[in-house]
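Let me begin by presenting the structure, written as structure tokens, before commenting on it.
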Amino acid sequence: MSYIIPCSASKQQPEIVNNRYESFEDFLNDPQMPFPELNPTRMLLYNEIVGQQPLNFNSTLPAYQLYSGPHACLYNRVSNQNWTKALTDVKIVSALFGLITHTTHIPIYNLKMDSILADGRTVWRVWYDENALQGQINPTDVDLLNNLYRKAIHGNINPVAIEPPVQWRDRYGYHRGRWLNEQLGLL
């Protein structure tokens with residue numbers, strides 16, 4: 001069972017590291033990059049944004065750290081101890097990368113699910129039209145996504161996996177983050 005969460009627009013500035021990537025394609029073909037079957041859609045989206053914002057492949061962080069910027073309510077409510085436990089299994093739905101694990105090292109980027117591309121489609125529509133994410137979700141996973149990210153998976157706002165029996169009291173992820181932290185603490 002994995003927990004499925006959305007990425008965050010609020011990001012930390014990564015430190016400079018010496019990676020071996022010379023291109024986005026090299027980055028995607030790294031054996032550490034999860035869900036390689038998503039690479040064609042990742043390339044399609046990257047090619048749409050690369051001219052506007054080149055990515056620095058020598059500046060990456062694990063996704064859970066990158067997405068923990070000052071306004072990342074969900075990510076900042078999970079303790080570092082819970083993020084780094086061996087049993088922690090969190091999948092992140094990202095506008096650029098589709099599905100990644102919380103430990104996947106990624107560069108900073110600026111793309112949202114509701115961004116409109118040159119062909120007039122939104123990013124979530126590209127993921128949905130490419131049928132890229134549907135087969136990556138296990139029915140026993142726990143869905144902590146918001147509606148926009150669910151649409152990227154199956155085109156509507158219905159849960160994509162098991163939805164916790166919790167009435168969320170905010171729309172920014174604060175309560176989802178607290179709940180996720182509690183669940184990961186039980187591992």
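- Hydrophobic clustering (ILVMFWY, side-chain heavy atoms < 4.5 Å, transitive): V78 and L187 are in one cluster.
- Hydrophobic clustering (side-chain heavy atoms under 4.5 Å, transitive across Ile, Leu, Val, Met, Phe, Trp, Tyr) groups L44 together with I100.
- Judged by distance alone, the side chain of N47 and the main-chain N or O of M43 form a donor-acceptor pair under 3.5 Å.
- A side chain to side chain donor-acceptor pair (under 3.5 Å) check over residues 2-14, counting only residues at least two apart or in different chains, returns the pairs S2-D89.
- Between the side chain of D141 and the backbone N or O of I162, no donor-acceptor pair lies under 3.5 Å.
- The structure places OG1 of T41 at 7.5 Å from CG of L133, a figure rounded to the nearest 0.5 Å.
- Heavy atoms of other residues, nucleotides or ligands lying less than 6.0 angstrom from CD of E163 number more than 12.
- Using modelled atom types, one finds a donor on one side chain and an acceptor on the other under 3.5 Å when comparing R42 with N39.
- With sequence neighbours left out, D143 forms a side chain to side chain contact (heavy atoms under 4.5 Å, CB included) with L145, R150, P159, V160, A161.
- Using a 4.5 Å cut-off on side-chain heavy atoms (C-beta onward), Y128 and Q134 make contact.
- Side-chain contact check for L99 versus I137: some heavy-atom pair is nearer than 4.5 Å.
- Separating the OH atom in Y21 from the CG atom in N56 is a distance of 12.5 Å, to the nearest 0.5 Å.
- Heavy-atom contacts from other residues, nucleotides or ligands closer than 6.0 Å to CD of E182 number more than 12.
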- Message: Checking V142 against L180 for the side-chain contact (heavy atoms from CB on, under 4.5 Å) test, could you report, in this order, the C-alpha distance in whole Å, the side-chain angles of both residues, the deciding distance, and whether it holds?
- Response: CA-CA 10 Å; V142 177; L180 178 59; over 6 Å; no

- Run the numbers on K91 and F35 for side-chain contact (heavy atoms from CB on, under 4.5 Å), then give the verdict. CA-CA 11 Å; K91 295 176 187 171; F35 311 104; 4.2 Å; yes

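- The cluster map of Ile, Leu, Val, Met, Phe, Trp and Tyr, joined by side-chain heavy atoms under 4.5 Å apart, puts Y174 and L148 in different clusters.
- Between S115 and T122 there is no side-chain heavy-atom pair separated by less than 4.5 Å.
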- Item | L38 vs W127, side-chain contact (heavy atoms from CB on, under 4.5 Å): CA-CA, chis, key distance, verdict | CA-CA 9 Å; L38 302 179; W127 283 109; 4.3 Å; yes

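- Using a 4.5 Å heavy-atom threshold, the side chains of T103 and W83 count as separate.
- Using cut-offs of 30° and 60° for the angle between ring planes, the Y46 and F57 rings count as tilted.
- A single hydrophobic cluster is seen to contain both L87 and W179, as judged by linkage of ILVMFWY side chains at heavy-atom distances under 4.5 Å, directly or through other members.
- Remark: L66 CG to H102 NE2 distance equals 14.0 Å, nearest 0.5 Å.
- Taking every heavy atom of both residues into account, L184 and K85 meet most closely at O-NZ, 2.9 Å.
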N/O donor to acceptor pairs below 3.5 angstrom from side-chain atoms of residues 104-112, sequence neighbours left out:
{"unit_1": "T104", "atom_1": "OG1", "unit_2": "T101", "atom_2": "N", "d": "3.1"}
{"unit_1": "T104", "atom_1": "OG1", "unit_2": "T101", "atom_2": "O", "d": "3.2"}
{"unit_1": "T104", "atom_1": "OG1", "unit_2": "T101", "atom_2": "OG1", "d": "2.8"}
{"unit_1": "Y109", "atom_1": "OH", "unit_2": "Y67", "atom_2": "OH", "d": "2.7"}
{"unit_1": "Y109", "atom_1": "OH", "unit_2": "S94", "atom_2": "OG", "d": "2.8"}

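- Interatomic distance, CG of L74 versus CZ of R176, reported as 8.0 Å (0.5 Å rounding).
- Note on I157: it does not cluster hydrophobically with I153, by side-chain heavy-atom contacts below 4.5 Å among ILVMFWY residues.
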- Taking it one step at a time, do T84 and Y64 satisfy side-chain contact (heavy atoms from CB on, under 4.5 Å)? CA-CA 10 Å; T84 57; Y64 78 91; 3.2 Å; yes

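- Within the model, atoms CD1 of I4 and CD of Q136 stand 10.5 Å from one another, a figure rounded to the nearest 0.5 Å.
- Nearest approach of V93 to Y149, heavy atoms of both residues: O-CE2, 3.3 Å.
- One distance of note links CZ of R178 with CH2 of W168; it measures 10.5 Å at 0.5 Å rounding.
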